[in-house]
Amino acid sequence: MNIFVLLKQTFDTEERIVINNGEISDDGVKYVMNPYDEYAVEEALLQRDQHGGTITVVGVGPDRTAEALRTALAMGADEAVLISNDGLATDEYTVSRLLAAYLGQQSYDLILGGNFSVDSGGGQVAVRLAQLLDIPHTSSITKLAINGQQAVVDRDAEGDTETVEVSLPAVFTAQQGLNEPRYPSLPGIMKAKKKPFHRMAIGDLALSVSDAAAKTKRISLSLPPKREAGRILQGDHAQQAAELVNLLRTEAKLI
Amino acid sequence: MGKTYVVVAEVRDGSLRQVTLEALQAVSIACQEGDSTAAVLIGSQTTKLASELAGYVDGQIYSIDHPELEIYNPETYLNVMKSVFERVTPDVVMLGHTAQGRDLGPAIAAHLGAGQISDVIAIEKGDADEVIYTRPLYAGKAFEQKQFTGGAQVVTIRPNNINPTEAAASAGEVVELDYAPSASLRSIVKDVVRKTSGKVDLTEAKIVISGGRGVKSAEGFKPLEELADVLHGAVGASRAACDAGYCDYSMQIGQTGKVVTPEIYIACGISGAIQHLAGMSQSRVIIAINKDPEAPIFKVADYGIVGDLFEVVPLLTQEFRKVLV
Ligand SMILES: Cc1cc2nc3c(=O)[nH]c(=O)nc-3n(C[C@H](O)[C@H](O)[C@H](O)COP(=O)(O)OP(=O)(O)OC[C@H]3O[C@@H](n4cnc5c(N)ncnc54)[C@H](O)[C@@H]3O)c2cc1C
């Protein structure tokens, strides 16, 4: 089975966001593999254990994305592809076009991605890719069972669980609960260094810069207003409860 | 010629979702004189809802009613949208940023070759009448303002952030479209387990009561649920509570869970980690109940109660019951 995993590198979720000269500062920022993509990588490994095959992890982004791809190799993926978006006005449209141009030249049975990226959180790329490749998709899955050319998945639809039968090849995006991602082992990290790592750019794909150019642009950035610590209510718990209800009525006027 | 806006309506538990009316309001902020609006209602037994929707849309309401469409399936729903687009060429398609809209939106965008701005929380017009969309980054640790650079556009609207539209001046026209089931579907929904039926939707709730590791067990969520019942609110959770198996991941609030913006957020036994704050710090009023006075959650809470949640929460339920009944 040919498995592809879509990977993005994001800020560590611990990071605070600082805006400098109208840009989000990446000064001293720690990067990680997008947390949802970890579930996708883990699922690829579990499926390969069962059905055999190879796992290729594919990332679009700047050079530093290589780190996240290497992490996936250290977890056990077989090959990595980094598609550079250097000099390209990039949005989700762009990324999906680059991925589709690359994957259009590959033979694939299963494409896995994260449910969304925790930085820009658009949740578009994987679904767009499925359409561009003209294959079915199910997003936000919490279970995947493959039998021949047929997959049965559980999809989390805001708390409801849908069981969907999908014919392969297909795209699935991973939701929390799908599995428990492993940590890269030390031997895994050593082995990862020798695994095939391909770099490409738009010129290597059958796609022109204007065809991939972003359809949206950012015009400004802002931070949320700072929240001040409020008031700790005094008295015993019964008094505190009564005061809180009273404050919500008279001060906040919400009840 | 004016632009054509198409709103994809959404049905939940047999009613129109509030976010559909919010998307219609988004359209009325974005559109100009000469633009037109259409709505699309896909489902099973949609007749009544279509005429209800007609009260809000001064334009066509395409109603596609078929048993096979009762449950969302990206393939069947996209097929329906393609048939609608044979009749109206959309300039802008708006959907709710919901399980359905998050999935259908990008599929429509790819089909139209359109740009998409997801998870929009505010819309305004700039100096040159251009439409500016505001959306969160890093689950609300920052915000960006975005514009389209050209071509067709898809927008998904986060529930609970834009005021719902009022009834339209004149009623829209319901157009029933036939649905031809496809013989060769590549994905089929076999079964749906509804855990949320009858419950207040977490992302749309005006009041959210969340439990963290301090709740200690699945059983420990009971007092929170009782409080939620009294307040017609929804129950959420921290990741630690989900990881510990006290509750379902669908309840998780935070950077890797849902982002909620209710009027009142009550955090019970939650420490206030940065990843949790990302998902709830835009709530209007935050209340924290925690037995540790040093817990970081108190730094963002408007009102704090230091104490054992198992003592405090039932007392709160009692007090609210007194004033609400
Ligand atoms: C990649 C990544 C993504 C993450 N995403 C999220 C996310 O989306 N959402 C999220 O919530 N977290 C997320 N986290 C986890 C986050 O860092 C915290 O670990 C988590 O939020 C802690 O949950 P908690 O506050 O319930 O538990 P704890 O931090 O253990 O806090 C429990 C609190 O309960 C209090 N308490 C205990 N007993 C009682 C009692 N009887 N009465 C009152 N108070 C009591 C304690 O004083 C303590 O403050 C993420 C972490 C990572 C690494």
Side-chain angles (χ1 to χ4, degrees), chain A residues 11 13-14 17 19 24 35 91-93 96 118-124 127-128 131-132 136-139 156-167 176-177 214-224 227 229-233 237-238 240-242 244-245 247-249 252 254-255, chain B residues 74-75 98-99 102-103 106-107 109-111 115-119 137-149 151 186-196 248-250 255-256 263-264 274-275 281-282 285 298-307 311-312 315-316 319-320 323:
Chain A
F11 278 24
T13 57
E14 284 284 336
I17 304 301
I19 297 176
I24 291 179
D91 68 358
E92 294 89 342
Y93 172 83
S96 66
V118 303
D119 50 2
S120 54
Q124 299 179 29
V127 176
R128 279 178 179 270
Q131 289 305 315
L132 293 174
H137 80 269
T138 309
S139 54
D156 163 45
E158 281 169 276
D160 292 339
T161 306
E162 302 170 354
T163 304
V164 192
E165 223 174 75
V166 189
S167 61
Q176 228 169 62
K215 301 255 180 201
T216 61
K217 64 172 186 218
R218 176 187 292 169
I219 51 171
S220 61
L221 274 173
S222 55
L223 292 177
R227 275 200 107 98
R231 160 152 35 137
I232 299 288
L233 306 182
H237 290 335
Q240 289 168 325
L244 179 61
V245 174
L247 284 168
L248 287 174
R249 299 187 72 174
L254 288 175
I255 296 284
Chain B
E75 211 173 347
T98 57
R102 291 162 81 135
D103 195 63
H111 169 69
Q116 180 178 330
I117 301 183
S118 310
D119 202 12
L137 292 170
Y138 303 93
K141 290 181 194 167
F143 295 92
E144 64 174 346
Q145 279 73 43
K146 288 196 91 170
Q147 272 178 13
F148 287 98
T149 53
R186 297 172 300 183
S187 50
I188 298 165
V189 182
K190 287 287 181 191
D191 186 32
V192 181
V193 181
R194 297 228 181 268
K195 298 183 213 155
T196 58
D248 207 74
Y249 276 114
S250 59
Q255 191 158 0
T256 51
E263 286 179 352
I264 303 178
I274 185 166
Q275 294 97 342
S281 61
Q282 298 303 305
V285 168
F298 287 121
K299 294 209 175 71
V300 299
D302 299 276
Y303 306 116
I305 295 180
V306 177
E311 288 170 30
V312 177
L315 287 168
L316 269 180
E319 284 299 323
F320 279 118
V323 301

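Naming: A, B, ... by sequence-line order, numbering from 1 per chain. Both backbone and side-chain heavy atoms feed into the values below; hydrogens, waters and symmetry mates do not.
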Give the member of [options] that has the highest number of heavy-atom pairs under 4.5 Å with chain B.
{"options": "A:S120, A:A157, A:A238", "answer": "A:S120"}
{"options": "A:Q176, A:R218, A:E162", "answer": "A:Q176"}
{"options": "A:L221, A:D91, A:V164, A:T161", "answer": "A:T161"}
{"options": "A:H237, A:E158, A:R249", "answer": "A:E158"}
{"options": "A:A242, A:S96, A:G121", "answer": "A:A242"}
{"options": "A:R231, A:Q131, A:K215, A:E14", "answer": "A:K215"}

Might you point out which heavy atoms bring [X] and [Y] nearest each other, and give the distance in Å?
{"X": "B:T149", "Y": "A:A214", "value": "OG1-O, 3.3 Å"}
{"X": "A:T13", "Y": "B:I274", "value": "O-CG2, 3.8 Å"}
{"X": "A:L223", "Y": "B:F143", "value": "C-CD1, 4.4 Å"}
{"X": "B:P106", "Y": "A:G123", "value": "CG-O, 3.8 Å"}
{"X": "B:F298", "Y": "A:A229", "value": "O-CB, 3.6 Å"}

A side-chain contact here means heavy atoms from C-beta on lying under 4.5 Å apart; do [X] and [Y] qualify?
{"X": "A:H137", "Y": "B:E75", "answer": "no"}
{"X": "B:V306", "Y": "A:Q240", "answer": "no"}
{"X": "A:V245", "Y": "B:L316", "answer": "yes"}

Distance in Å, [X] [atom1] paired with [Y] [atom2], rounded so as to fall on 0.5 Å steps:
{"X": "A:D119", "Y": "B:Y138", "atom1": "CG", "atom2": "OH", "answer": "5.0 Å"}
{"X": "B:I117", "Y": "A:K217", "atom1": "CD1", "atom2": "NZ", "answer": "10.5 Å"}
{"X": "B:I264", "Y": "A:L254", "atom1": "CD1", "atom2": "CG", "answer": "4.5 Å"}

Which bit of [X] comes within less than 4.5 Å of chain B, counting heavy atoms only: side chain, backbone, both or neither?
{"X": "A:P224", "value": "both"}
{"X": "A:I219", "value": "both"}
{"X": "A:I24", "value": "side chain"}
{"X": "A:S220", "value": "both"}

Task: Contact origin within B:A142 toward chain A - heavy atom pairs under 4.5 Å - done: both
Open item on the list: Does any backbone or side-chain atom of B:A139 lie under 4.5 Å from a heavy atom of chain A? Answer side chain, backbone, both or neither.
Closed with: backbone
Open item on the list: Under the rule for side-chain contact (heavy atoms from CB on, under 4.5 Å), what residues qualify as partners of A:E92, not counting sequence neighbours?
Closed with: A:Q124, A:V125, A:R128, B:K146
Which of [options] touches chain A most, by non-hydrogen pairs under 4.5 Å:
{"options": "B:L315, B:D191, B:V192", "value": "B:D191"}
{"options": "B:Q147, B:K195, B:E311", "value": "B:Q147"}
{"options": "B:Q255, B:K299, B:Q282", "value": "B:Q255"}
{"options": "B:R186, B:E319, B:K190, B:R102", "value": "B:R186"}
{"options": "B:A110, B:G151, B:G307, B:G140", "value": "B:A110"}

- [ ] Would you sort out whether A:I17 and B:L137 count as a side chain to side chain contact (heavy atoms under 4.5 Å, CB included), showing the intermediate values?
- [x] CA-CA 10 Å; A:I17 304 301; B:L137 292 170; over 6 Å; no
Task: Backbone of A:V166 reached by a side-chain donor or acceptor of B:S187 within 3.5 Å - done: no
Task: Flag for B:S250-A:D156: side-chain donor and acceptor within less than 3.5 Å - done: no
Open item on the list: Let's go through B:D103 and A:V127 carefully: what are the C-alpha distance in whole Å and the side-chain angles of both, what is the deciding distance for side chain to side chain contact (heavy atoms under 4.5 Å, CB included) to 0.1 Å, and is it a yes or a no?
Closed with: CA-CA 7 Å; B:D103 195 63; A:V127 176; 4.0 Å; yes
Task: Contacts of type salt bridge (Lys or Arg N to Asp or Glu O under 4.0 Å), residue B:E263, not counting sequence neighbours - done: none
